[in-house]
Number of protein chains: 2
Amino acid sequence: MYTYVGFAATDQRKTAPLGHRAAEILLETLESEIVSGALPPGAPLSELALAERFGVSRTPVREALLELERAGLAERGARRAFFVRALGAEELADLFEASGEVESALAALAAHRMTEIERQALIALAEAPAASAADYSDLNRRFHDAIKSGARNATLAQLLGGLDLRTSAWRAANFHEAEERQTTSRAEHLKIATAIAQADAERTRSLMRRHVAQSHSVLAEILARRGR
Amino acid sequence: MYTYVGFAATDQRKTAPLGHRAAEILLETLESEIVSGALPPGAPLSELALAERFGVSRTPVREALLELERAGLAERGARRAFFVRALGAEELADLFEASGEVESALAALAAHRMTEIERQALIALAEAPAASAADYSDLNRRFHDAIKSGARNATLAQLLGGLDLRTSAWRAANFHEAEERQTTSRAEHLKIATAIAQADAERTRSLMRRHVAQSHSVLAEILARRGR
DNA sequence: TCCATTCGACATGTATACATATGTAGGATT
DNA sequence: AATCCTACATATGTATACATGTCGAATGGA
């Protein structure tokens with residue numbers, strides 16, 4: 001029998017995290033499978049089936065599924081069963097609109113708060129040539145990450161991270177950004193970087209909002225074509 | 001080897017019907033205790049201790065704690081143990097800044113999207129007299145809810161809801177809004193409602209941002225005084 | 001006295017057994 | 001033939017047993 005003695009409320013031990021936990025591996029694996037489209041929207045995420053597939057018990061599976069729900073990649077359906085979250089066109093629009101607002105807020109803050117070195121690095125990122133689609137994707141990510149960290153607001157950055165995770169499933173599963181979009185996108189990046197370099201917060205905000213909206217338009221059009 | 005001896009004589013298990021699940025009751029109880037301050041920031045949330053306290057096993061406790069973490073009310077510390085989340089002044093500032101950005105984005109959208117009836121209702125809310133502090137608190141909530149729903153963006157509304165949950169712990173635990181703040185706040189509400197009624201999105205955004213920042217200033221000052 | 005080592009208590013991580021609810025198939029009833 | 005009822009398969013909800021790691025106190029030696 002357990003006899004609970006308890007810790008003082010001031011207990012502040014800091015210890016290295018335990019090794020590779022099953023729940024953590026599951027989470028990463030499922031996340032990548034959902035984002036890559038291997039697990040399509042609407043696919044059932046049965047505790048038992050996943051436990052058998054990964055050779056673990058249901059307990060870590062439960063934890064991973066709860067985390068997935070938290071990330072917005074899974075949702076509960078009938079009988080509280082988990083499914084890969086399926087977004088309709090409207091929810092997708094909401095999601096991109098939210099991303100646009102949050103990221104433009106971050107960009108506006110970054111315009112005030114970035115150091116001179118960060119501003120120059122951002123412009124360099126915007127100007128860097130992309131040899132391939134993978135290159136471009138990487139540059140794109142680094143550009144947006146630079147703005148996220150330049151804003152000096154962990155809470156907003158975290159919000160945007162969560163939203164990006166939810167949109168990435170659609171971005172990755174449905175298309176590689178078209179060549180022409182890359183060109184346009186690069187031009188937008190450069191405008192944004194310039195506005196930030198000039199510490200013009202409101203222009204930055206407006207440019208970034210339009211930039212995200214453009215991404216949404218392109219994706220929505222592709223989805224609509226596929227839907228036909 | 002594993003030897004299962006059956007249930008103790010005192011076994012009075014009853015698997016809860018959906019909707020009255022142990023994990024759900026735990027979540028609501030803990031949430032209210034944290035927000036009310038009964039469980040202060042930094043307090044340990046031990047699985048075993050909570051399981052014994054509520055007379056359930058660790059499994060539903062785990063689920064409730066994961067949900068609390070999701071809501072930002074708990075965090076994992078040493079050895080992955082859960083604690084009531086403690087925010088420093090900096091994180092609090094981040095939080096309010098994020099709230100300001102998100103809510104001002106919602107307000108700007110509402111300025112474009114609210115129906116005429118909603119606009120009038122909002123002005124009525126802003127003008128309504130508050131007989132008591134509780135009244136004012138209720139009016140305040142309804143005012144902000146009206147904007148949230150008028151923006152027609154569930155994703156942004158959900159983000160703001162999560163942020164509000166995290167700040168409410170501090171608001172509730174630390175102070176009742178001072179009389180003078182009520183007066184100022186009401187004036188700000190009226191300005192915002194007017195800007196929305198005029199569909200002036202940018203003015204709305206700016207007013208709302210300032211409004212949230214004001215709330216933060218007042219709270220921060222009170223916290224600083226207590227800290228002295 | 002002070003420090004290194006050992007060991008015990010207890011934390012979380014995981015596996016598994018049991019409880020209960022629900023969808024479904026198939027037969028009985030009307 | 002349509003409907004209802006029941007048994008069953010299987011899902012999630014929960015409890016408990018076991019695994020492993022860490023902290024802190026006790027201990028023993030320099």
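A note on names: the letters A, B, ... follow the listed sequences, proteins ahead of strands, and every chain is numbered from 1.
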Item to check | Length of the CD-C1' vector between B:E69 and C:dT12, whole Å | outcome: 14 Å

Checklist entry - Which whole-number value in Å describes the distance from B:I25 CD1 to D:dG13 C1'? => result 13 Å

Next on the checklist: C:dG13, OP1 or OP2 - any side-chain N/O from B:R62 closer than 4.0 Å?
Outcome noted: yes

Checklist entry - OP1, OP2 of D:dT12 versus side-chain N and O of B:R21: anything below 4.0 Å? => result no

Next on the checklist: In this structure, how many angstroms lie between the P atom of D:dT14 and the CG atom of B:L27, rounded?
Outcome noted: 13 Å

Checklist entry - Does OP1 or OP2 of C:dC10 have a side-chain N or O of B:R58 closer than 4.0 Å? => result no

Checklist entry - Out of D:dG13, C:dT12, D:dA15, which has the shortest distance to the side chain of B:R80? => result C:dT12

Checklist entry - Out of D:dA11, D:dG13, D:dA17, which has the shortest distance to the side chain of A:S46? => result D:dA11

Item to check | Nearest-angstrom distance from the residue atom CG of A:L26 to C1' of C:dT14 | outcome: 12 Å

Checklist outcome for this item: Of the listed D:dT14, D:dA11, C:dT14, the closest approach to the B:S57 side chain comes from D:dT14

Checklist entry - Strictly under 6.0 Å, is that where the ring centroids of B:H211 and B:H216 end up? => result no

Checklist entry - Thinking salt bridges, do B:E63 and B:R21 make one under a 4.0 Å N-O criterion? => result yes

Checklist outcome for this item: When rounded to whole Å, the CD to P distance for the pair A:E24 and C:dT12 reads 17 Å

Checklist entry - Salt-bridged, B:E97 to A:R113, with N to O below 4.0 Å? => result yes

Next on the checklist: On DNA chain D, does the nearest nucleotide to B:A23 precede the nearest nucleotide to A:L48 from the 5' side, or the other way round? Give the residue.
Outcome noted: A:L48

Checklist outcome for this item: Between B:E47 and B:T59, the residue closer to the 5' end of DNA chain C by nearest nucleotide is B:E47

Item to check | Note, A:T155 side chain near B:F96 side chain (heavy atom, < 4.5 Å) | outcome: no

Next on the checklist: For B:A154, is there any backbone N or O sitting under 3.5 Å from a side-chain donor or acceptor partner on A:D94?
Outcome noted: yes

Checklist entry - B:R79 side chain N/O closer than 4.0 Å to the phosphate oxygens (OP1, OP2) of D:dG21? => result no

Item to check | Rounded distance in Å - CG (B:L50) to C1' (D:dT14) | outcome: 16 Å

Checklist entry - Taking CD from A:E63 and C1' from D:dG13, how many angstroms apart are they, rounded to a whole number? => result 17 Å

